[in-house]
Amino acid sequence: MPDVIDLRSDTVTRPVPGMLEAMTSAELGDDVLGDDPSVNALEAAAAAAVGKEAALFVPSGTMANLVSLLTHCGRGDEAIVGSESHILHYEGVGAPALGGVSLRSVPNDAGGHIDPDAVRATIRSGVPRTTVVCLENTQNRCGGAAIPAQEMREVAEVAHAAGAAVHVDGARIFNAAAALETDAATLLGPADTVSFCFSKGLGAPVGSVLTGPRDFIDRARPIRRQVGGGMRQSGVLAAAARYALDHHVERMSEDHANARRLANGLAELPGIDLDPSTVGTNMVFFEPQGIDGAALQAALRERGVLSTGRPDRIRMVTHLDVTTAQIDEALTIAGEVIAELAGG
Ligand code: TLP
């Protein structure tokens, strides 16, 4: 097996030496009892990083969104989500299954945008009642698009006018902020609650947070416990997350430059349909044309280049553990593999 160039996701990174060092030297307590100093410090730093009052450290982005929805919604309440949202497609219908929350979708267009009028027409104030409108930024399934502040604000105005809160699944919010050349706190101004992940572009092995007003986080904490997210000496993980927050936010644009380089190179190859202008953050999606996508993915895998997505819409993601030289190598391999597939 050749050296692997793992473009499946930005979730695949391994802790860098400085991060491992921070983990092994972390001061620890018992976070369920509220006295793990590393977790408490991380929660304060994470809340500040996105301009919110308080935060709750959880094991995954999925749990952050779940706890948020279970806190925003009672049984029978409704949450509005984008038709292409991660909450709708990949989170195991957690809030409906565990909390009796219905998910109602409004369309995301190809660029991830949601029309505020569609939200206005979908929100309900009787029975059922919409208690939260969820946005996602970056918008994973829509090319990893960064959603600009103005658009978030317009949807938030509609939600707030109808008495609903706004939750942002900001798994990759620092990618969005870097792409939009703004800071996360400004971008998230209109949001009431925000989840974001340390274990994606930020490069930590585990962990996400839910952030929001202090009274909301106080209500969310026992719900985290209910869904099994109470952790004990989790300071060892919080230390990695803190290292990520302190050292890896500023480097997001390197991943974006690598994604653009990858997209430009792939777009030159025969049999690949890709518009590089759609690549704004660290995700590259492309459609094989006239070659079998499953065969292409398998042949790339054989040569050590890993991807995800569907055979008709392949996804490659750049991150901390992929260098520019590896992007060039992946492009060379893709060119050779496509020539072989076309020849065969
Ligand atoms: N996304 C993963 C897969 O689940 C698709 C990936 O490889 O992109 N929100 C968004 C926008 C996400 O992209 C993800 C993970 C999550 C939430 C969930 O995070 P985890 O995996 O920590 O539960």
Side-chain angles (χ1 to χ4, degrees), residues 6-13 46 50 55-70 79 81-95 97-98 103 105 108 111-114 132 134-147 152 167-177 179 184 187-188 191 193-211 224 227-229 231 234 237-238 240-241 244 252 255-256 259 279-285 297 306-310 313-322:
D6 195 343
L7 301 170
R8 287 174 302 169
S9 183
D10 48 10
T11 58
V12 301
T13 58
V50 293
L56 184 66
F57 187 48
V58 291
S60 67
T62 300
M63 190 183 284
N65 288 333
L66 174 64
V67 171
S68 180
L69 291 191
L70 295 181
V81 295
S83 58
E84 298 304 319
S85 62
H86 193 276
I87 292 179
L88 192 61
H89 287 271
Y90 303 116
E91 299 189 7
V93 287
L98 302 175
L103 297 182
S105 75
N108 285 113
H113 312 295
I114 287 178
V132 65
C134 301
L135 295 171
E136 185 176 311
N137 205 359
T138 63
Q139 178 66 53
N140 186 342
R141 284 167 60 94
C142 303
I147 307 300
M152 306 237 295
H167 171 73
V168 174
D169 174 355
R172 298 184 178 81
I173 200 65
F174 296 105
N175 294 87
L187 186 57
L188 293 165
T193 62
V194 178
S195 56
F196 74 86
C197 298
F198 300 107
S199 58
K200 301 200 166 58
L202 289 178
V206 179
S208 296
V209 274
L210 173 62
T211 69
R224 177 186 69 169
V227 297
M231 299 181 285
S234 37
L237 300 175
M252 288 291 163
D255 294 343
H256 300 177
V279 176
T281 61
N282 67 334
M283 294 190 180
V284 178
F285 287 82
Q297 279 188 297
L306 308 187
S307 60
T308 52
R310 303 186 313 251
R313 190 165 180 262
I314 296 173
R315 185 184 83 161
M316 293 181 168
V317 184
T318 58
H319 51 78
L320 192 59
D321 286 1
V322 183

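Both ligands and their constituent atoms are indexed starting at 1 by order of listing.
The closest approach between a heavy atom of Lys200 and any atom of ligand 1 is below 4.0 Å. The closest approach between Arg141 and ligand 1 stays at or above 4.0 Å for every heavy atom of the residue. The closest approach between any non-hydrogen atom of Met63 and ligand 1 is not below 4.0 Å.
Counting only distance, with no hydrogens or angles, the side chain of Ser307 and the backbone of Met316 share no donor-acceptor pair below 3.5 Å. Put simply, the side chain of Arg172 never gets that close to the backbone of Ala146: no donor and acceptor are under 3.5 Å apart.
Relative orientation of the Phe196 and Phe198 rings is perpendicular, given thresholds of 30° and 60° on the angle between their planes.
Against a heavy-atom cut-off of under 4.0 Å, Arg315 is close to the following atoms of ligand 1: 6 (C), 7 (O), 8 (O). Near Ser60, meaning under 4.0 Å from one of its heavy atoms, ligand 1 places the atoms 22 (O), 23 (O).
Residues Ser60 and Ser208 come closest through the heavy atom pair C-OG, 3.1 Å.
The side-chain hydrogen bond (donor to acceptor under 3.5 Å, both in side chains) with His256 is formed by just one residue from the set Asn175, Asn282, Thr281; it is Asn175.
Side-chain contact, His167 with Asn65: a donor N or O sits under 3.5 Å from an acceptor N or O.
By the 3.5 Å distance cut-off applied to N or O atoms, Ala171 is not counted among the residues near ligand 1. Checked by distance only, ligand 1 and Asp169 come closer than 3.5 Å through their nitrogen or oxygen atoms. Ligand 1 has a nitrogen or oxygen under 3.5 angstrom from a nitrogen or oxygen of Thr62. In terms of polar-atom proximity, Arg8 is not counted as a contact of ligand 1, lacking any N or O under 3.5 Å from an N or O of the ligand. Polar contact with ligand 1: absent for Tyr90 (N/O pair, distance under 3.5 Å).
Taking the side chain as every heavy atom from C-beta outward, Leu98 and Leu66 approach each other to under 4.5 Å. Within the 4.5 Å cutoff, the side chain of Asn108 has heavy atoms near those of the Ile114 side chain. Using a 4.5 Å heavy-atom cutoff, the side chains of Leu103 and Leu69 are in contact.
Relative to atom 8 (O) of ligand 1, the option among Arg172, Met283, His86 with the closest non-hydrogen atom is Arg172.
At the shortest separation from atom 22 (O) of ligand 1 among protein heavy atoms lies Gly61 N, 2.9 Å. Protein heavy atom in closest approach to atom 11 (C) of ligand 1: Glu136 OE2, 3.4 Å.
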